[in-house]
K.L.:
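Handing you a structure now.
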Amino acid sequence: MEYLREYAHLRPRTNVTGAVMRVRNTLSQAIHRFFHEHGYLWVSTPIITTSDCEGAGEMFRVSTLDLMNVPKTEQGNVDFSQDFFGKEAFLTVSGQLNVESYACSLSKVYTFGPTFRAENSNTSRHLSEFWMVEPEVAFADLDDVAHLAEDMLKYVFKAVLEERPDDMAFFEQRINKDVVERLTRMVDSDFVHMDYTDAIEILKNCGKKFEYPVEWGVDLQSEHERYLAEEHVGAPVILKNYPRDIKAFYMRQNKDGKTVAAMDVLAPGIGEIIGGSAREERLDVLDQRIAEMDLPAEEYEFYRDLRRYGTVPHAGFGLGFERLVSYVTGMQNIRDVIPFPRAPKSAQF
RNA sequence: UCCCCAGUAGCUCAGUUGGUUAGAGCGGUGGACUGUUAAUCCAUGUGUCGUUGGUUCGAAUCCAACCUGGGGAGCCA
């Protein structure tokens, strides 16, 4: 597979890539169909953004300035007022902040489009350019979107099993023998929902030695997530209500003052496939968080206005589309489930 | 970005106590033979041994840095 990535004329003609791309197509069609049938509107959020504070890591710069001859201000900084948009611009790392605006007017919306992260992530589950599905629901809480995630996953798994049995049989035979069985099992069984606090207890009492010790308040390491999803549950598990200190500023504070209404869906073999939360709709609480985390408040004005002028409780999540394709097909490397993978030091064709 | 492993012929790989002209299989090419069907037989290999530099009388082999890929970790989806 690594070798094939170097040959753009060959890779798409192989049986593996053909099967992956057919399943990928089925999954994306099924996602749109699921949301459409449930009354969601597809909102295409911008790919170019001038907000450098979307909160999810390094961004790619978008500019038409001449790199050999960059205009400078009197202070010697780069003069972005002469750039194409008259200010700094980047490729988006998430449509969430934008789509929240539309959730608060159209109630049930989702984005499905490319996102870009300039992180130096060299792993089999990260891409620099990947597609993300982000539903956002007004008047929903964390449990609502946890169940939405579960329903959506079951719907698209069922669609793949029904529409692509030939390709799934191929993956079962050649890539991963469990791939059909685990999807079939999941379609008609309830997901395990678990509080972070309970997960910590399970990890502490499981008798297994971890390289990183477990304690309430720590971020779960890969080895912990893997134990929960692969050994303890043996299926995707939904973890909820994480400590506030390890999560993003926009997640809704719980009453206990310690945790935040966040959830992750952990899939065996892949890890985090979905990350979501209830959004903090109370302006004073949000401002307090922005201050605590030392974020530039002036960058979040439109986001604050969304609370200031008639606020609405809402929640949503982000699904890494390629991670979903990886899980469904059993393909181990995420670079093999996208037509033209982009990763650090790698952007051929 | 960190740790580990790998990079030798078109492909898959062998080759280290450092030693003369660096190997095999497959493929390719030329020929022979043939009721073949993964044909067979004979012939045929001057390859920046990933890159750059260093150690040495001598480096594919030892050292350093870098590049690319794989596995793991971090970041996250």
Side-chain angles (χ1 to χ4, degrees), chain A residues 1-7 9-11 14 24 27-28 31 45 47 53-60 91-97 99 110-136 145-146 148-149 152-153 156 210-213 218-227 229-230 236-239 242 245-251 262-277 316-328 331-338 341-348:
Chain A
M1 292 308 298
E2 296 87 45
Y3 177 69
L4 279 172
R5 280 180 222 139
E6 298 169 31
Y7 295 93
H9 64 292
L10 276 182
R11 194 170 85 121
T14 59
R24 183 183 166 98
L27 282 167
S28 71
I31 286 167
T45 47
I47 288 165
C53 54
E54 290 180 359
E58 294 296 305
M59 305 174 86
F60 289 101
L91 294 178
T92 185
V93 295
S94 164
Q96 179 200 318
L97 265 43
V99 87
Y110 70 104
T111 72
F112 189 173
T115 47
F116 307 85
R117 306 243 171 121
E119 300 285 334
N120 196 2
S121 298
N122 294 293
T123 77
S124 55
R125 52 191 186 282
H126 288 86
L127 290 165
S128 305
E129 176 184 292
F130 65 99
W131 285 59
M132 191 149 62
V133 181
E134 298 173 285
E136 194 71 35
V145 289
L148 176 68
M152 183 200 68
L153 288 174
V156 301
F210 294 110
E211 194 184 335
Y212 295 88
V218 302
D219 211 350
L220 261 30
Q221 302 289 320
S222 283
E223 56 174 346
H224 306 139
E225 296 183 346
R226 228 181 295 123
Y227 173 82
E230 291 168 18
V237 54
I238 303 184
L239 283 188
Y242 284 79
D245 293 335
I246 59 172
K247 288 292 180 183
F249 76 96
Y250 54 75
M251 297 182 175
M263 65 140 185
D264 285 347
V265 179
L266 309 176
I270 309 277
E272 185 178 347
I273 190 171
I274 287 178
S277 69
F317 64 78
L319 163 76
F321 183 61
E322 281 74 19
R323 288 189 181 172
L324 176 70
V325 182
S326 289
Y327 181 70
V328 168
M331 296 296 292
Q332 291 212 322
N333 196 317
I334 200 164
R335 299 182 189 195
D336 297 322
V337 302
I338 187 166
R342 273 82 179 92
K345 297 291 182 315
S346 176
Q348 285 188 283

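On a predicted model such as this, the values are computed, not experimentally measured, just so you know. Residue numbers begin at 1 in each chain, while the letters A, B, ... track the order of the sequences.
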K.L.:
Please pick, from G69(B), A77(B), C75(B), the nucleotide with the shortest atom-to-atom distance to any side-chain atom of E272(A).
P.N.:
A77(B)

K.L.:
How close or far is atom P of C75(B) from atom CD of E58(A), stated in whole angstroms?
P.N.:
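So the CD-P distance, E58(A) to C75(B), works out to 14 Å.
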
K.L.:
Within less than 4.0 Å of OP1 or OP2 of G72(B), is there a side-chain N or O belonging to S222(A)?
P.N.:
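No, S222(A) has no side-chain N/O under 4.0 Å of OP1/OP2 on G72(B).
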
K.L.:
Sort out the partner of A77(B) for me: Watson-Crick or G-U wobble, both distances under 3.5 Å, none otherwise.
P.N.:
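Paired with no nucleotide.
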
K.L.:
Is the shortest heavy-atom distance from the side chain of D264(A) to the side chain of K247(A) under 4.5 Å?
P.N.:
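Of all side-chain heavy-atom pairs linking K247(A) with D264(A), at least one is under 4.5 Å.
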
K.L.:
With F321(A) as reference, evaluate Y327(A), W131(A), F112(A) under the ring-ring contact (aromatic ring centres under 6.0 Å, His included) test and give the passing residue.
P.N.:
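Only match with F321(A) under ring-ring contact (aromatic ring centres under 6.0 Å, His included): F112(A).
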
K.L.:
Could you let me know what U37(B) is paired to, Watson-Crick or G-U wobble, both distances under 3.5 Å, or none if it's on its own?
P.N.:
none

K.L.:
Under a 3.5 Å cut-off for both contacts, is C2(B) paired Watson-Crick or G-U wobble with anything, and if yes, with which nucleotide?
P.N.:
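Looking at the geometry, C2(B) pairs with G72(B).
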
K.L.:
Can you check the distance between G69(B) and U40(B), where both ends of the measurement are the C1' atom (answer in whole Å)?
P.N.:
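After rounding to an integer number of Å, I get 39 Å for this pair.
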
K.L.:
On a whole-Å scale, what distance lies between the C1' atoms belonging to A14(B) and U1(B)?
P.N.:
35 Å

K.L.:
In whole angstrom, give me the gap between the C1' atoms of A43(B) and A38(B).
P.N.:
22 Å

K.L.:
Give the nucleotide from the list A73(B), A77(B), G71(B) with an atom nearest to the side chain of Q221(A).
P.N.:
A73(B)

K.L.:
Would you mind reading off the distance between H126(A) atom NE2 and C75(B) atom P, rounded to a whole angstrom?
P.N.:
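From H126(A) NE2 to C75(B) P: 9 Å.
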
K.L.:
Rounded to the nearest angstrom, tell me the gap between atom CG in L324(A) and atom P in C76(B).
P.N.:
21 Å

K.L.:
Taking the side chain as every heavy atom from C-beta outward, state whether I31(A) and L324(A) have any pair of such atoms under 4.5 Å apart.
P.N.:
yes

K.L.:
Ring of F321(A) versus six-membered ring of A77(B): centres under 5.5 Å and planes under 30°?
P.N.:
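Taking the rule of under 5.5 Å and under 30°, the ring of F321(A) does not stack on A77(B).
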
K.L.:
Mind checking if N122(A) touches a base, just sugar-phosphate, or nothing, with heavy atoms under 4.0 Å?
P.N.:
base

K.L.:
Taking 4.0 Å as the cut-off, does a side-chain nitrogen or oxygen of R125(A) come that near to OP1 or OP2 on G72(B)?
P.N.:
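No.
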
K.L.:
I338(A) CD1 to A77(B) C1': how many Å, rounded?
P.N.:
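Distance, rounded to whole Å: 12 Å.
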
K.L.:
Between C41(B) and C33(B), how many Å separate the two C1' atoms, rounded to a whole number?
P.N.:
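Roughly 7 Å separates the two C1' atoms.
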
K.L.:
Taking C-beta and beyond as the side chain, do P135(A) and L148(A) meet within less than 4.5 Å on heavy atoms?
P.N.:
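When only atoms from C-beta onward are counted, L148(A) and P135(A) do touch, with a gap below 4.5 Å.
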
K.L.:
Using whole Å, what does the distance between atom P of nucleotide C76(B) and atom CE of M59(A) come to?
P.N.:
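Result: 15 Å.
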
K.L.:
Using the C1' atom as the reference point in each nucleotide, state the distance between C63(B) and G25(B) in Å, no decimals.
P.N.:
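Roughly 34 Å separates the two C1' atoms.
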
K.L.:
Any strand is fair game: report the nucleotide pairing with U48(B) by Watson-Crick or G-U wobble, both distances under 3.5 Å, or none.
P.N.:
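Answer to the pairing question: none, since U48(B) forms no Watson-Crick or G-U pair.
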
K.L.:
Pick the C1' atom in G18(B) and in U55(B), then give their distance to the nearest Å.
P.N.:
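G18(B) and U55(B) have their C1' atoms separated by 11 Å.
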
K.L.:
Using the closest heavy atom to pick a nucleotide of RNA chain B for each, name whichever of L127(A) or R226(A) lands nearer the 5' end.
P.N.:
R226(A)

K.L.:
So which one's nearest nucleotide on RNA chain B is more toward 5', T123(A) or G320(A)?
P.N.:
T123(A)

K.L.:
Only counting residues at least two apart or in another chain, list the ones meeting side chain to side chain contact (heavy atoms under 4.5 Å, CB included) with S124(A).
P.N.:
N333(A)

K.L.:
Which nucleotide, G69(B), A73(B), C75(B), lies nearest any side-chain atom of R335(A)?
P.N.:
G69(B)

K.L.:
Please enumerate all residues that pass side chain to side chain contact (heavy atoms under 4.5 Å, CB included) together with T45(A), with sequence neighbours excluded.
P.N.:
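Side chain to side chain contact (heavy atoms under 4.5 Å, CB included) list for T45(A), sorted by chain: V43(A), N98(A), V99(A), T111(A).
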
K.L.:
Find the partner of G7(B): check Watson-Crick (N1-N3 plus N6-O4 or O6-N4) and G-U wobble (N1-O2, O6-N3) distances, both under 3.5 Å, and reply none if neither fits.
P.N.:
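Per the H-bond distance test, C67(B).
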
K.L.:
Of the listed nucleotides (G71(B), U1(B), A73(B)), which one gets closest to any side-chain atom of N120(A)?
P.N.:
U1(B)

K.L.:
Less than 3.5 Å between a donor and an acceptor, one on the side chain of S121(A) and one on the base of C75(B), is that the case here?
P.N.:
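Side chain to base: pair present.
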
K.L.:
Between M331(A) (CE) and G71(B) (P), how many Å, whole number?
P.N.:
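So the CE-P distance, M331(A) to G71(B), works out to 11 Å.
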
K.L.:
Using the C1' atom as the point on both nucleotides, what is the distance between G27(B) and A9(B), in whole Å?
P.N.:
11 Å

K.L.:
Considering only A77(B), U1(B), G69(B), which nucleotide approaches the side chain of S346(A) most closely?
P.N.:
G69(B)

K.L.:
Can we say E322(A) and R24(A) salt-bridge, meaning some charged N sits less than 4.0 Å from an Asp/Glu carboxylate O?
P.N.:
yes

K.L.:
Could you check which nucleotide pairs with C62(B) in any of the strands shown, counting Watson-Crick or G-U wobble with both distances under 3.5 Å?
P.N.:
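Check on C62(B): paired to G54(B), both distances under 3.5 Å.
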
K.L.:
What is the separation between atom CG on L97(A) and atom P on A77(B), rounded to the nearest whole Å?
P.N.:
13 Å

K.L.:
G7(B) and U61(B): how far apart are their C1' atoms, nearest whole angstrom?
P.N.:
15 Å

K.L.:
Starting from C1' on U1(B), measure out to NZ on K345(A) and report it in whole angstrom.
P.N.:
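Distance, rounded to whole Å: 11 Å.
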
K.L.:
Can you confirm whether F116(A) sits close enough to R342(A) that some side-chain heavy atom of one is under 4.5 Å from a side-chain heavy atom of the other?
P.N.:
no

